[in-house]
Amino acid sequence: LPDVLVLGEILVELSSTDPLDAGTNLTLNFSGDALNAAAASAAAGARTALLARVPDDELGDRLLDRVVALGIDTSLVRRVNGQHGLYLQHADPSGAREFTYVRRGSAGSGLGPGDVPLDLVAEVGAVLASGIACAISPLSAKAVRIAAQHSKCFVYDPNWRPRLVSAAGAATHLRAVAPYTRLITPGWPREAQLVADTDDPAAACTTLRGLGIQAVALTRGEDGILLDDAGRLTEIPVIPAPRIVDQTGAGDSFAGTVTARLALGDDLLTAVRLGVAAASLSVGGLGGTGHVPTLTQSQAHAATTEV
Ligand code: KDG
C-alpha cells in the first residue's frame, strides 16, 4: 500500500535555457506537476504511486522508465491508445517563464472517475492533486473530486495556469474540493485571490478555511510561507537557493514533500519546513524533475536556517 497517491497527467517536457526560437536546442525530459510532486514525495521518504494514463507507445515506455527511476510506483498507471501531452519551456533563472502546451485531447487528460480505485484512495496516507488536473478536462476534474472525497488527507495545489483555465474556472475547481481538503498550497496573491477578495494574506487564509479547508500554506515567494492551521498562524521564512537554474516545479516539490511528510505522520509545521527546503534545492536543475533533492539533503538544508 502506498503512503501517497498523486493524480494527474505526466507530460513530455522540452526545455532550454535559451529563448525558444528556430535553432534552439531543447532538452527532452518527462515532467508535469503530478510527476514533479510525486518525485519529491518519493524522495522525501514516502512510498508514492502515480495515478495517470500514459500512451502505449515507445516514448511512453521511456517515460515510465524515468518514473520508476525516480522511485515512483507505476502499478496504477494505465497504458492507453492516444497522444502524449507536451510542453515547451524557456527556463529563465529569474523565475520568469512561459509554457507552450501541446496537450489538448491527450491520453493523460482522459483520466476519469472510473480510473480511481476508491478503496485504495481511502486507505493511503494522503492524496495529492492540483488544479492542472482539474483544468485539462472535465473528466479529470471529476476524478480529482472523487479522490478528494474519499481521501482521509487530501492536499490540493491550485497551480493556476491561465493558458489552461480561466480565473472563474480555477475558482470553481478549488471550491469543489475545498470541503474535503486537509491542506491547500496557493500562491500569494494570484491563486489565493481566485476565491478571496482581499489584499491581506491572513484574511485570505481565513476565507479559504471558510470554504471547508482545514489548513492553508500560502506561498509568498521571497516573503516565505504563511501557514494557517485551523486558525493558528505561523510564518516560515524561505531558505535561499544555493543554485538557481530553473524554477519550474519548485511549487510541486513543496507540495509533494509536505504531502509525503504528512502521510508519514509528521506534524504540519515540520512537514512545511522540509517542503521549503526541498523546493529551495529543487531549482538547481533544468526542468520540473531536473534536480530532486534527497531527504538527507533537504533536512540538512532546512537545518541551515533553524533557530
Ligand atoms: O509546476 C510546473 C508545471 O507547470 C510544469 O511541469 C508543466 O505540468 C505542467 C503544466 O501543466 O503546466
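Counting starts at 1 for both ligands and their atoms, following the listed order.
For ligand 1, one of its N or O atoms has an N or O atom of Asp252 under 3.5 Å away. At under 3.5 Å, a nitrogen or oxygen of Arg103, whether backbone or side chain, sits near a nitrogen or oxygen of ligand 1. Considering backbone and side-chain atoms together, Glu13 places no N or O closer than 3.5 Å to any N or O of ligand 1.
When each of Ser109, Ser137, Ser106 is tested with Glu9 by the rule side-chain hydrogen bond (donor to acceptor under 3.5 Å, both in side chains), just one qualifies, namely Ser106.
Ligand 1 has no atom lying under 4.0 Å from any heavy atom of Gly288. Residue contacts with ligand 1 leave out Glu9, since none of its heavy atoms falls under 4.0 Å from the ligand. At least one heavy atom of Gly249 sits closer than 4.0 Å to an atom of ligand 1.
Protein heavy atom nearest atom 3 (C) of ligand 1, with residue, atom name and distance: Arg161 NH2, 3.8 Å. The nearest heavy-atom contact from the protein to atom 10 (C) of ligand 1 is Tyr101 OH, 3.3 Å. In terms of protein heavy-atom proximity, atom 8 (O) of ligand 1 is closest to Asp33 N, 2.8 Å. The single protein non-hydrogen atom nearest to atom 5 (C) of ligand 1 is Tyr87 OH, 3.5 Å, given as residue, atom name and distance.
The pair Asp61-Arg79 counts as a salt bridge, with a side-chain nitrogen and a carboxylate oxygen less than 4.0 angstrom apart. A salt bridge links Asp115 with Arg53: at least one charged nitrogen is closer than 4.0 Å to a carboxylate oxygen. A salt bridge links Arg220 and Glu235; the closest N-O separation between the charged side-chain nitrogens and carboxylate oxygens is under 4.0 Å.
The cluster map of Ile, Leu, Val, Met, Phe, Trp and Tyr, joined by side-chain heavy atoms under 4.5 Å apart, puts Val276 and Leu218 in different clusters. Both Leu5 and Tyr156 are part of a single hydrophobic cluster, where members link through side-chain heavy atoms under 4.5 Å apart.
Note that CD of Gln193 is 6.0 Å distant from CG of Asp199, once rounded to the nearest 0.5 Å. Interatomic distance, Asp252 CG to Ile132 CD1, rounded to the nearest 0.5 Å: 6.5 Å.
Against a heavy-atom cut-off of under 4.0 Å, Leu11 is close to the following atoms of ligand 1: 8 (O), 9 (C), 11 (O). Set against the non-hydrogen atoms of Phe99, the atoms of ligand 1 under 4.0 Å away are 4 (O), 12 (O). Close approach of ligand 1 to Asn36 (heavy-atom distance below 4.0 Å) involves ligand atoms 2 (C), 6 (O). Each of the atoms 6 (O), 8 (O), 9 (C) of ligand 1 lies under 4.0 Å from some heavy atom of Gly32. Atoms of ligand 1 lying under 4.0 Å from at least one heavy atom of Ser31, given by number and element, are 6 (O).
Ring geometry for Tyr87 versus Tyr101: interplanar angle of 30 to 60°, hence tilted.
Leu28 and Val12 get closest at one heavy-atom pair: CD1-CG1, 3.4 Å.
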